[in-house]
Amino acid sequence: MKLEGVELRRVAMPLVAPFRSASGVETTRDVLLLRVVTDQAEGWGECVAMAGPHYSSEYAEAAASVVRRFLIPAVAATPRLDAYAVAAALAPVKGHRMAKAALETAVLDAELRAEGRSFARELGAVRARVPCGVSIGILSSIGELIDAVGGYLDAGYLRIKLKIAPGWDVEPVRAVRERFGADVLLQVDANAAYAPADARQLARLDPYDLLLIEQPLAEDDLLGHAELAKRITTPVCLDESITSARTAATAIALGACAVVNVKPGRVGGYLEARRVHDVCAAHGLPVWCGGELETGLGRAANVALAALPGFTLPGDISASDRYFATDLTAPFVLEDGHLPVPAGPGLGVEPLAGVLDEVTTATEWLPL
Ligand code: OSB
Ligand code: MG
């Protein structure tokens, strides 16, 4: 495949409601999209970096900069480009996994579209639809939270995740359990907001039979998570800490997690995400597909990944209308608590030209 150029496109997508977590509040998704043009087909990659460096060190503007200055020149210099050559070409650049993931995804999309094969087929999907969970941000009152959870359960979501932080943890969990009962699949996500000294407070979640607690401690505190796991009964799941298949293997060996949230952007792309899945499967750990408020483009690839055999827990994969009044692609619509895995070539979805134009804030064409 020969790369002819890359378009960097920034879009601003208003969220249907502000999304607050321990790592900040998002009101608009300020997304970097990459469109690669090759001699055979075009491909799209959505960069999951947020507007600010609060969930991770990456942010959209920095991702655009590193793509422009370092990543595109590196892939441009690669003979016989295909998606599997991208990570090797980008290895001299440290970090910037979300930016790298976006570029690799766009190249993979182009390649698969040219070959008429889907992401699902390429990654090894074994399901035609995936079960959906929903991630609920920190709200201003328990009443508001109960209304939100009730609405999502009525819509058919199969699992509820509550964002927690010191001051908003045991009370919301207890309220949701009391109102909706023991059968609701319920989990929490702390986005690294706690310290090892908070173990006793986190143990107060033990009675509520949570599926897991996601990333209670700092990103680099694997030993802390291993110690915490001995002091609470809720299974520990890692998100921010897992940056590669290697860190997954290390975390598992240390006993730092019993479950892994797999996010392709965080680990540098879908090919590495599959390796994380494989490592976890080999150790008998369940995984689930995380999300970062993706548009339909990123969602399409996440749904394909979530259809792999080791993804045995519902993911943070929600319908388009949970995030946006109007999605960039034809909307993903919940059917019986599930989303269908796209089967068309590549991502299997296209940006809707009218919508794309409307939300675009900047474009830049980099010819090669
Ligand atoms: O920590 O899982 C997270 C969104 C943005 C960044 C980090 C996280 C999240 C979510 C929402 O929890 C998941 C989604 O529905 O896309
Ligand atoms: Mg998380």
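These numbers come from the heavy atoms of this one structure, side chains and all, not from hydrogens, waters or symmetry mates. Just follow the structure's listing: the first ligand is 1, and inside any ligand the first atom is 1.
- Under 4.0 angstrom from ligand 1, the non-hydrogen atoms of K161 all belong to its side chain.
- At a heavy-atom distance under 4.0 Å, only side-chain atoms of E214, from C-beta outward, approach ligand 1.
- Between K230 and E227 there is a salt bridge, since a side-chain N of the basic residue sits under 4.0 Å from a carboxylate O of the acidic one.
- Annotation for ligand 1: atoms under 4.0 Å from non-hydrogen atoms of D189 are 1 (O), 2 (O), 3 (C).
- For ligand 1 and D239, the ligand atoms under 4.0 Å from any heavy atom of the residue are 1 (O), 2 (O), 3 (C).
- Listed by number with element, the atoms of ligand 1 under 4.0 Å from a non-hydrogen atom of E292 are 4 (C), 5 (C), 6 (C), 16 (O).
- Ion pairing of R266 with E58 is absent here, as no side-chain N (NZ or NE/NH1/NH2) approaches a carboxylate O to less than 4.0 Å.
- Take the N/O/S atoms of E214: the one nearest the Mg ion (ligand 2) is OE2.
- Interface of K163 with ligand 1, defined as ligand atoms under 4.0 Å from a residue heavy atom, comprises 1 (O), 2 (O), 3 (C), 8 (C), 9 (C), 10 (C), 12 (O).
- Listed by number with element, the atoms of ligand 1 under 4.0 angstrom from any heavy atom of M50 are 5 (C), 6 (C).
- At a heavy-atom distance under 4.0 Å, no atom of Q215 approaches ligand 1.
- Taking every heavy atom of N191 and a limit of under 4.0 angstrom, the matching atoms of ligand 1 come to 1 (O), 3 (C).
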